[in-house]
A.B. asks: 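Pasting a structure below so you can have a look.
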Amino acid sequence: MFLRIAKILTEEQLATVRASLNGENAPWVDGRVTAGHQGAPVKHNKQLDEGSPLARELGDFLVTQLERNALFISAVLPNKVYPPMFNRYAEGMHFGTHVDGSVRMIPGSPHKLRTDLSATLFLAEPQNYDGGELVVENDFGSQSAKFTAGDMIVYSSTSRHRVNAITRGERLASVFWVQSLIRDDARRAQLFELDATIQRLTQTGADPESLLRLTAHYHGLLKAWTEI
């Protein structure tokens with residue numbers, strides 16, 4: 001999966017989030033504090049202290065917006081969402097090629113989360129910085145993302161990826177991970193396509209009985225494949 005989801009946040013919401021992140025009392029720390037063994041040597045950024053009240057407040061707000069986004073729910077089928085983290089890349093900062101850890105401890109709790117999908121929500125407008133592209137690699141090549149503020153990219157957490165060095169300006173973003181109800185990427189993709197097909201047929205006025213049968217098929221597969 002390499003899916004762009006537009007307008008997670010409105011312009012007004014973006015302005016509020018950026019004002020909080022740019023406040024003089026925002027608790028920015030070295031991003032390596034949350035990096036694993038293989039990520040720490042190649043991670044060079046700043047990160048909002050994830051234990052701070054501000055990080056929790058902004059993270060809760062973002063999760064609320066995700067819960068209201070139909071495309072995110074359909075594509076990801078979220079079971080658990082890791083509390084969103086917020087990072088900042090100034091000139092010269094970057095994050096070298098790495099793979100996200102397969103399991104993460106949820107801060108402040110004894111619970112763990114399996115990282116099925118990774119997400120980056122862009123908070124700075126792309127014209128305000130040079131470099132900073134998120135580059136995601138797979139066996140068939142690489143794809144890059146540097147989107148309009150408020151847009152988000154979702155991709156498989158098993159993918160190798162990096163953030164290119166900033167050469168001008170500053171990049172702000174939020175990153176988080178999702179444990180999906182469906183562990184298997186292929187099955188999740190099938191359900192996403194089936195749901196999209198049902199929605200398209202509904203919009204075109206397809207036969208109601210056939211739609212009902214197709215919807216029942218979707219939910220039967222979802223029930224059979226769900227892991228809670």
A.B. asks: Verify side-chain contact (heavy atoms from CB on, under 4.5 Å) between Leu191 and Asp195, making sure each step is shown before the conclusion.
C.D. replies: CA-CA 6 Å; Leu191 287 170; Asp195 186 38; over 6 Å; no
A.B. asks: Holding to side-chain hydrogen bond (donor to acceptor under 3.5 Å, both in side chains), I want the full list of residues that pass it with Ser210, two or more places apart in sequence or in another chain.
C.D. replies: Asp207
A.B. asks: Which pairs with one or both residues in residues 40-67 pass ring-ring contact (aromatic ring centres under 6.0 Å, His included), sequence neighbours excluded?
C.D. replies: His44-His94
A.B. asks: Testing the basics here: between Ser156 and Asp185, what is the closest heavy-atom pair and its distance to 0.1 Å?
C.D. replies: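 Looking at all heavy atoms of both residues, the shortest contact is OG-OD2, 3.6 Å.
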A.B. asks: Let's go through Asp49 and Trp28 carefully: what are the C-alpha distance in whole Å and the side-chain angles of both, what is the deciding distance for side-chain contact (heavy atoms from CB on, under 4.5 Å) to 0.1 Å, and is it a yes or a no?
C.D. replies: CA-CA 6 Å; Asp49 180 359; Trp28 292 99; over 6 Å; no
A.B. asks: Can you sort out the partners of Asp30 under salt bridge (Lys or Arg N to Asp or Glu O under 4.0 Å), two or more places apart, ordered by chain and number?
C.D. replies: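 Arg32.
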A.B. asks: A side-chain contact here means heavy atoms from C-beta on lying under 4.5 Å apart; do Asn87 and Arg171 qualify?
C.D. replies: yes
A.B. asks: Can you list everything that forms a salt bridge (Lys or Arg N to Asp or Glu O under 4.0 Å) with Glu12? Sequence neighbours excluded, please.
C.D. replies: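 Per chain and number, Glu12 pairs via salt bridge (Lys or Arg N to Asp or Glu O under 4.0 Å) with no residue.
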A.B. asks: So, taking the atom named CD1 in Ile73 and the one named CD in Glu67, what distance separates them when rounded to the nearest 0.5 Å?
C.D. replies: 7.0 Å
A.B. asks: When hydrophobic residues are tied together by side-chain contacts of less than 4.5 Å, even through go-betweens, does Leu21 share a cluster with Val63?
C.D. replies: yes
A.B. asks: When rounded to the nearest 0.5 angstrom, what distance separates CG in Leu172 from CG in Asn45?
C.D. replies: 11.0 Å
A.B. asks: Which heavy atom of Ile198 sits nearest to which heavy atom of Thr202, and what is that distance?
C.D. replies: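 Closest pair (atom of Ile198, atom of Thr202, distance): O-OG1, 2.8 Å.
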A.B. asks: Is a side-chain N or O of Arg114 found less than 3.5 angstrom from the main chain of Ser102, in a donor-acceptor match?
C.D. replies: no
A.B. asks: So, do Met152 and Asn69 sit near enough that their side-chain heavy atoms are less than 4.5 Å apart?
C.D. replies: no
A.B. asks: At what distance, to the nearest 0.5 angstrom, does CD of Glu227 lie from CD of Gln179?
C.D. replies: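 If we round to the nearest 0.5 Å, Glu227:CD and Gln179:CD are 8.5 Å apart.
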A.B. asks: Using modelled atom types only, decide if a donor and an acceptor are shared between the side chain of Ser180 and the backbone of Ile182 within a distance under 3.5 Å.
C.D. replies: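 Answer holds: yes.
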A.B. asks: Are Leu62 and Ile8 close enough that some pair of their side-chain heavy atoms sits under 4.5 Å apart?
C.D. replies: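 Sidechains of Ile8 and Leu62: in contact.
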A.B. asks: So, does Asn164 use its side chain to make a donor-acceptor pair with the main chain of Gly132 at under 3.5 Å?
C.D. replies: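 Looks like no, no N/O pair under 3.5 Å.
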A.B. asks: Taking all heavy atoms of Pro107 and all of Glu50, pick out the closest pair and write down the distance.
C.D. replies: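 So the two residues come closest at CG-OE1, 3.5 Å.
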A.B. asks: Can you list every ring-ring contact (aromatic ring centres under 6.0 Å, His included) pair that touches residues 162-215, not counting sequence neighbours?
C.D. replies: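 Only Tyr82-Trp177 qualify under ring-ring contact (aromatic ring centres under 6.0 Å, His included).
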A.B. asks: Quick one: side-chain hydrogen bond (donor to acceptor under 3.5 Å, both in side chains) partners of Ser20, sequence neighbours excluded?
C.D. replies: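 Applying side-chain hydrogen bond (donor to acceptor under 3.5 Å, both in side chains) to Ser20 gives none.
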A.B. asks: Closer than 3.5 angstrom, by distance alone: can the side chain of Ser174 be matched with the main-chain N or O of Phe86 as a donor-acceptor pair?
C.D. replies: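 No, Ser174 side chain to Phe86 backbone: no donor-acceptor pair under 3.5 Å.
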A.B. asks: Determine the minimum heavy-atom distance between Gln13 and Thr10, stating which atoms define it.
C.D. replies: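 Minimum heavy-atom contact is OE1-N, 2.9 Å.
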A.B. asks: Are the side chain of Arg56 and the backbone N or O of Gly51 linked by a donor-acceptor pair below 3.5 Å?
C.D. replies: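 Yes; judged by distance alone, with no hydrogens or angles, the pair exists.
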A.B. asks: Kindly state each residue pair satisfying ring-ring contact (aromatic ring centres under 6.0 Å, His included) with at least one member in residues 202-228, sequence neighbours excluded.
C.D. replies: none
A.B. asks: Would a single hydrophobic cluster contain both Ile106 and Val175, if residues Ile, Leu, Val, Met, Phe, Trp and Tyr are joined by side-chain heavy-atom contacts under 4.5 Å?
C.D. replies: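 Looking at the clustering, Ile106 is in the same group as Val175.
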A.B. asks: Taking Ser157 for its side chain and Ser118 for its backbone only, find out whether a donor-acceptor pair lies under 3.5 Å.
C.D. replies: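 Yes, Ser157 side chain to Ser118 backbone: donor-acceptor pair under 3.5 Å.
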A.B. asks: Is there any salt bridge (charged side-chain N to carboxylate O under 4.0 Å, His left out) pair reaching into residues 84-105, and which pairs are they, with sequence neighbours excluded?
C.D. replies: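 Passing the test, one end in residues 84-105: Arg88-Glu170.
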A.B. asks: I need the minimum non-hydrogen distance between Leu113 and Val81, along with the two atoms involved.
C.D. replies: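 Heavy-atom minimum between the residues: CD1-C, 3.8 Å.
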A.B. asks: Check whether any side-chain heavy atom of Leu121 lies under 4.5 Å from a side-chain heavy atom of Leu66, and answer yes or no.
C.D. replies: no
A.B. asks: Within this structure, what is the OG1-CG distance for the pair Thr16 and Leu58, rounded to the nearest 0.5 Å?
C.D. replies: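 Those atoms lie 9.5 Å apart.
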A.B. asks: Same cluster for Leu54 and Val17 if Ile/Leu/Val/Met/Phe/Trp/Tyr side chains link at under 4.5 Å?
C.D. replies: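 Per the 4.5 Å side-chain linkage, Leu54 and Val17 are co-clustered.
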A.B. asks: In the structure I gave you, are the side-chain heavy atoms of Asp116 and Val178 within less than 4.5 Å of one another anywhere?
C.D. replies: no
A.B. asks: Indicate, with yes or no, if Met85 and Leu9 share a hydrophobic cluster defined by side-chain heavy-atom contacts under 4.5 Å among Ile, Leu, Val, Met, Phe, Trp and Tyr.
C.D. replies: no
A.B. asks: Donor-acceptor check, side chain of His161 to backbone of Thr97, threshold 3.5 angstrom: yes or no?
C.D. replies: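 Side chain of His161 to backbone of Thr97: no pair is present.
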A.B. asks: Counting distance only, does the side-chain N/O of Arg18 pair as donor-acceptor with the main-chain N or O of Ala124 below 3.5 Å?
C.D. replies: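 No.
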A.B. asks: Side-chain heavy atoms nearer than 4.5 Å, only ILVMFWY residues, links allowed to pass through others: does that put Leu222 and Phe72 together?
C.D. replies: no
A.B. asks: Look up atom CZ in Arg183 and atom CG in Leu181, then write down how far apart they are to the nearest 0.5 Å.
C.D. replies: 12.0 Å
A.B. asks: In the hydrophobic clustering that connects Ile, Leu, Val, Met, Phe, Trp and Tyr at side-chain heavy-atom distances below 4.5 Å, which members other than Tyr155 occupy its cluster, ordered by chain and number?
C.D. replies: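 So far as hydrophobic clustering goes, Tyr155 is joined with Phe2, Val42, Tyr89, Met93, Phe95, Phe122, Tyr129, Leu134, Val136, Phe147, Ile153, Val163, Ile166.
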A.B. asks: Report the hydrophobic cluster partners of Val33, with the cluster defined as I, L, V, M, F, W, Y residues connected by side-chain heavy atoms closer than 4.5 angstrom, directly or transitively.
C.D. replies: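 Reading the cluster by chain and number, Val33 sits alongside Val29.
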A.B. asks: Once side-chain hydrogen bond (donor to acceptor under 3.5 Å, both in side chains) is applied, do any residues pair with Arg213, and if so which ones, sequence neighbours excluded?
C.D. replies: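 For Arg213 the side-chain hydrogen bond (donor to acceptor under 3.5 Å, both in side chains) partners, ignoring immediate neighbours, are Glu209.
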A.B. asks: Atom CD in Glu193, atom OG in Ser74: separation rounded to 0.5 Å?
C.D. replies: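 Answer rounded to 0.5 Å: 9.5 Å.
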A.B. asks: Determine which pairs satisfy salt bridge (charged side-chain N to carboxylate O under 4.0 Å, His left out) with at least one residue from residues 118-136, sequence neighbours left out, and list them in order.
C.D. replies: Asp130-Arg168
A.B. asks: Hey, which of Leu71, Thr148, Leu14, Asp151 is the one that makes side chain to side chain contact (heavy atoms under 4.5 Å, CB included) with Lys7?
C.D. replies: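 Among Leu71, Thr148, Leu14, Asp151, the one meeting side chain to side chain contact (heavy atoms under 4.5 Å, CB included) with Lys7 is Asp151.
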A.B. asks: For Thr34 and Gln47, does a side-chain donor sit closer than 3.5 Å to a side-chain acceptor?
C.D. replies: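 Gln47 and Thr34 do have a side-chain donor-acceptor pair below 3.5 Å.
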